[in-house]
There are 2 protein chains.
Amino acid sequence: MIDAKHVTITDSEWEVMRAIWTMGQTTSRELIDTMNQLEGWSDSTTKTLLHRLIKKGAVEQTGASRPFTFKPVVGEKESMSAAADDLFDHMCAMRAGSTIAQVIKTRELSKSDIAELQKILAEKAKDAPEMVHCNCLPGKMTCEEDS
Amino acid sequence: MIDAKHVTITDSEWEVMRAIWTMGQTTSRELIDTMNQLEGWSDSTTKTLLHRLIKKGAVEQTGASRPFTFKPVVGEKESMSAAADDLFDHMCAMRAGSTIAQVIKTRELSKSDIAELQKILAEKAKDAPEMVHCNCLPGKMTCEEDS
DNA sequence: ACATTAAGTTTACAACTGTAACTTATCTTT
DNA sequence: AAAGATAAGTTACAGTTGTAAACTTAATGT
């Protein structure tokens with residue numbers, strides 16, 4: 001699995017990747033049928049998306065003769081992290097905490113997910129700063145109140 | 001502040017919103033200068049973006065005579081939550097936990113952010129499921145191992 | 001070996017985005 | 001009131017994305 005960081009996957013390509021990641025590997029036919037079921041896409045649409053993914057190096061095509069096999073080149077976990085990091089990188093640092101809080105509130109998390117998060121937080125609490133400043137404008141250190 | 005949920009803000013519009021949110025309210029000149037400093041954009045670029053934001057109802061223009069005042073219509077916090085929710089909505093539910101973990105690890109969080117997250121987690125732990133299933137494909141309940 | 005079918009590749013095209021020039025309307029200053 | 005300076009609004013234009021038709025090449029059944 002290679003640098004998910006530098007491959008940009010668009011929204012609909014992302015849907016295709018989810019399918020491929022979950023199937024582990026697949027053929028074009030299987031993928032086309034899946035996407036048709038999942039999203040109602042035509043054969044062509046899935047084919048195009050698959051090709052774009054290959055071209056950008058997110059998926060690889062293997063096999064000697066025709067029904068080729070397609071498998072992910074970038075990992076799911078690392079792609080997810082990259083996407084999440086990218087999102088937070090463009091948000092006000094001061095409000096990241098409350099955004100994460102909101103996400104945690106609304107997502108379904110398993111007991112072990114929660115335990116893991118608690119462990120990370122306990123560790124992080126040790127040398128956490130008193131407050132995180134707004135980094136939206138040069139010079140300005142705080143935003144307005146909660147909104 | 002109105003339904004951030006239904007206003008779609010693009011990446012560069014988002015940069016403009018950050019500035020407006022942080023300034024609270026602003027004039028076109030001030031915003032143009034800010035974006036020029038921050039992103040190196042020409043006057044026109046900021047004007048266009050500002051107009052698109054007004055058109056889609058994310059910003060409002062007020063004032064009687066010319067240097068008008070611009071202020072946010074959608075809230076920052078709610079927009080951030082909407083963006084984060086949207087991201088996770090398109091990701092494998094089974095892996096949301098580890099993605100959140102990764103985000104927490106890399107973000108700077110204040111002591112009170114952490115305390116808040118801990119409180120939410122403690123509460124959530126009470127009736128958390130043993131495991132969360134993959135929701136990427138109909139029928140398939142688990143993805144491959146961690147990758 | 002040929003027709004049929006399935007797999008893979010190209011081309012298309014409108015909507016949306018990032019970026020900005022050009023134009024018009026409105027203040028301000030003389 | 002006319003000129004000059006600003007602010008606001010319109011138009012532009014190439015690149016990306018979502019969606020899919022059309023075309024080409026390789027496998028398969030007869």
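A note on names: the letters A, B, ... follow the listed sequences, proteins ahead of strands, and every chain is numbered from 1.
Between B/R95 and A/D113 no salt bridge is recorded (no basic side-chain N to carboxylate O distance below 4.0 Å).
Distance A/W14 CH2 to D/dT19 P: 17 Å, rounded to the nearest Å. The separation between B/E15 atom CD and C/dG18 atom C1' is 12 Å, rounded to whole Å. Atom-to-atom, CH2 of A/W41 to P of D/dT17 comes out at 14 Å; the value is rounded to the nearest Å. In this structure, B/I32 places its CD1 atom 14 Å from C1' of C/dT19, rounding to the nearest Å. As rounded to whole Å, 17 Å separates atom P of D/dC23 from atom CG of A/D43. Distance B/L53 CG to D/dA8 P: 15 Å, rounded to the nearest Å. The CD atom of A/E13 sits 7 Å away from the P atom of D/dT17 (whole-angstrom rounding). In this structure, CG of A/L50 is placed 15 Å from P of D/dG18, rounded to the nearest angstrom.
The residue A/L49 sits close to a base: some heavy atom pair falls under 4.0 Å. B/T10 comes within contact range of the sugar-phosphate backbone alone, with a heavy-atom separation under 4.0 Å but no base atom that close. At the heavy-atom level, B/D11 lies under 4.0 Å from the strands shown only through sugar-phosphate atoms.
With values rounded to the nearest 0.5 angstrom, A/F68 atom CZ is found 10.0 Å from A/I54 atom CD1. A distance of 11.0 Å separates CD in B/E15 from OG1 in B/T46, rounded to the nearest 0.5 Å.
Using a 4.0 Å cut-off, some side-chain N or O of B/T45 falls inside it from OP1 or OP2 of C/dA20.
Residues A/K105 and B/I120 form a side-chain contact, since some pair of their non-hydrogen atoms from C-beta on lies under 4.5 Å apart. A 4.5 Å side-chain heavy-atom check between B/W41 and B/K47 finds every atom pair outside the cut-off.
Between B/R29 and A/S42, it is B/R29 whose nearest contact on DNA chain D lies nearer the 5' terminus.
With hydrogens and angles ignored, the 3.5 Å screen pairs no side-chain donor or acceptor of B/K56 with any backbone N or O of B/V7. The backbone N or O of A/I9 sits nowhere less than 3.5 Å from a side-chain atom of A/R52 that would complete a donor-acceptor pair.
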Where do N or O atoms of nucleotides 9-13 of chain C meet protein N or O atoms at under 3.5 Å, pair by pair?
{"from": "C/dT9", "atom 1": "OP2", "to": "A/H51", "atom 2": "NE2", "distance (Å)": "2.7"}

